[in-house]
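In what follows, a single structure is set out as structure tokens and then discussed.
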Amino acid sequence: MSEQIPVSAPALVGNEKEYVIDCIESTWISSKGKYVDEFERGFAEFCGTSHAVTCANGTTALHLVLEAFGIGSGDSVIVPDLTFVSTANAVRYCDAEPVFADVDPETWNIDPEHVAELADQDTAAILPVHLYGHPAPMDEITAIANEHDAVVIEDAAEAHGAQYKGETVGSLGDAAIFSFYGNKIITTGEGGMVVTDDPDVSARVRHLKDLAMDQSQRYYFEEIGYNYRMTNMQAAIGCAQLEDIDWHCERRRNIASLYNKHLPDLPEITAPVERSWADHAYWIYSIILDDSVDRRRIRDALDEAGIETRPFFPPMTSLPPYEAYQPETPNEIADSLSKGGINLPTWAKLDEGDVKRVCEELETAIRQGR
Ligand SMILES: *Cc1c(COP(=O)(O)O)cnc(C)c1O
């Protein structure tokens, strides 16, 4: 019996342990410390932005950045229907209304034509997601946002190091957020970051994540803030991961090219695309099965063969909290991708043998279902 291949696993191959031990030995284990400062400085440099602010996770990063732009009741925020739930939830945390756009059938990212139709005088922000690591069409989104005086916030939780027309994601919108959850491209266990060139937004995020305490008057608060801070121990892991980030990104692109090489050439399978203007981060290499295939059965067969997979995210408008947000015309592309999409194992330490095994089992499972 060969070993189980998980869909994802962190690769802690550098100075992670040394830096965490340093936190413990120095007693700097809370949310102040050199690793927090260094992680913020280094990550801003990586993204090419002037500011970066750590926070507890990607979801809190979304909440903080929306609030920092003053988005609230009466505002609407256009988000893709196909995303992880945090993108939509953060809009609701601010008491604003998410508006769900359909996605592109090939890149799976927010469809700018639909965004243009949905944008109106209430649109305060557009929140494209670089889904599974492929950059969203930022020029088109930015043009629509400019027409409506809306800000653009990138949800780059899945796309560390992805490039759009040669620019690193995170530097393309008015601000961006990243996640460092255990399965993301680099991790701090739990963690998040807001990056921006706007000093006011950065300062506001920093203020809100620290309970909005007055800087000159301890325990004086003008407003209700949050404790969304990252600890020095998490940032210590982040610093070590950041030292190796080029390797982490390169590994994922390498694994994707192995999948492209070994993926069975079957009409039932659609492989991910990478637009000519894009450098895909391949957070998770994913495929779409056509509707002749029973996805559940394929996933079960792979599971029995020791290969873990995940289904695509469901469209947000199919979930109970967002039932009331269902558009008059359903977001058909999001629906259909969501039904056929499978995430295949993608993480730094997979080798060509693993990828071949996944592809062979996939081929067997599909052929058996015919
Ligand atoms: C992971 C993820 C988030 C949330 O990040 P957490 O750190 O898990 O809170 C937000 N948006 C997208 C698209 C994600 O994949």
Side-chain angles (χ1 to χ4, degrees), residues 7-10 39 43 52-67 77-94 98 100-101 103-104 107-110 125-136 138 141 152-162 164 169-170 172-173 175-195 205 209 226-231 234-235 237-238 241 248 252 272 280-286 310-316 319 321-322 334 337-338 341 343 346-347:
V7 78
S8 175
F39 189 37
F43 200 73
V53 184
T54 51
C55 55
N57 52 57
T59 309
T60 56
L62 282 164
H63 184 191
L64 288 166
V65 75
L66 288 166
E67 229 181 273
V77 178
I78 302 179
V79 302
D81 205 347
L82 188 64
T83 182
F84 183 60
V85 72
S86 300
T87 320
N89 284 358
V91 177
R92 293 296 301 130
Y93 297 163
C94 300
F100 294 98
V103 296
D104 180 282
T107 66
W108 316 333
N109 277 321
I110 195 163
I126 307 177
L127 217 177
V129 178
H130 307 302
L131 198 76
Y132 299 125
H134 192 292
M138 295 304 295
I141 297 294
V152 177
I153 300 165
E154 299 168 70
D155 182 338
E158 307 178 353
H160 316 58
Y164 174 82
V169 305
L172 302 160
I177 73 93
F178 288 84
S179 165
F180 307 109
Y181 182 64
N183 66 5
K184 296 288 159 76
I185 294 171
I186 64 165
T187 184
T188 59
E190 292 276 2
M193 191 86 84
V194 174
V195 297
V205 166
K209 80 159 189 182
Y226 311 95
N227 177 354
Y228 283 172
R229 299 182 297 250
M230 175 185 276
T231 68
Q234 291 166 292
I237 297 175
Q241 292 265 294
H248 287 279
R252 281 190 141 79
H280 198 316
Y282 291 106
W283 170 50
I284 299 190
Y285 188 94
S286 305
R310 294 276 162 81
F312 258 32
F313 300 131
M316 294 300 103
L319 299 173
Y322 298 108
L337 291 171
S338 172
N343 306 141
T346 315
W347 43 283

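Residue numbers start at 1 and run along the sequence shown. We count ligands from 1, going down the list as the structure has it; atoms in each ligand are counted the same way.
- Distance from atom 9 (O) of ligand 1 to its nearest protein heavy atom, with residue and atom name: T59 OG1, 2.5 Å.
- Some N or O of G58 is nearer than 3.5 Å to an N or O of ligand 1, by distance alone.
- Those atoms of ligand 1 with a heavy atom of V129 less than 4.0 angstrom away are 13 (C).
- Taking the six-membered ring for Trp and thresholds of 30 and 60 degrees, H280 and Y282 have nearly parallel ring planes, at less than 30 degrees apart.
- Among E158, E154, H160, the single residue meeting the side-chain hydrogen bond (donor to acceptor under 3.5 Å, both in side chains) criterion with H130 is E154.
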Criterion side-chain hydrogen bond (donor to acceptor under 3.5 Å, both in side chains) on T60 and N57, from CA distance to verdict:
CA-CA 6 Å; T60 56; N57 52 57; 3.3 Å; yes

Verify side-chain hydrogen bond (donor to acceptor under 3.5 Å, both in side chains) between N109 and Y132, making sure each step is shown before the conclusion.
CA-CA 9 Å; N109 277 321; Y132 299 125; over 6 Å; no

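- Of the heavy atoms in N57, both backbone and side-chain atoms come closer than 4.0 Å to ligand 1.
- Residue M316 is tested with T87, T83, V79 for a side-chain contact (heavy atoms from CB on, under 4.5 Å); the sole match is T83.
- The S86 neighbourhood of ligand 1 comprises atoms 4 (C), 10 (C), with distances under 4.0 Å to a heavy atom of that residue.
- Considering backbone and side-chain N/O atoms, E158 comes within less than 3.5 Å of an N/O atom of ligand 1.
- Not a single donor-acceptor pair under 3.5 Å links the side chain of W283 to the backbone N or O of T346.
- Under 4.0 angstrom from ligand 1, there are no non-hydrogen atoms of E190.
- Considering both main-chain and side-chain atoms, T83 never comes within under 3.5 Å of ligand 1 through any nitrogen or oxygen pair.
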For F84 and Y181: C-alpha separation, side-chain torsions, deciding distance, then whether ring pair (Phe, Tyr, Trp, His ring centres under 6.0 Å) applies.
CA-CA 13 Å; F84 183 60; Y181 182 64; 8.4 Å; no

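- Atom 2 (C) of ligand 1 has its closest protein heavy atom at K184 NZ, 2.7 Å.
- Checking only distances, D155 does come within under 3.5 Å of ligand 1, N or O to N or O.
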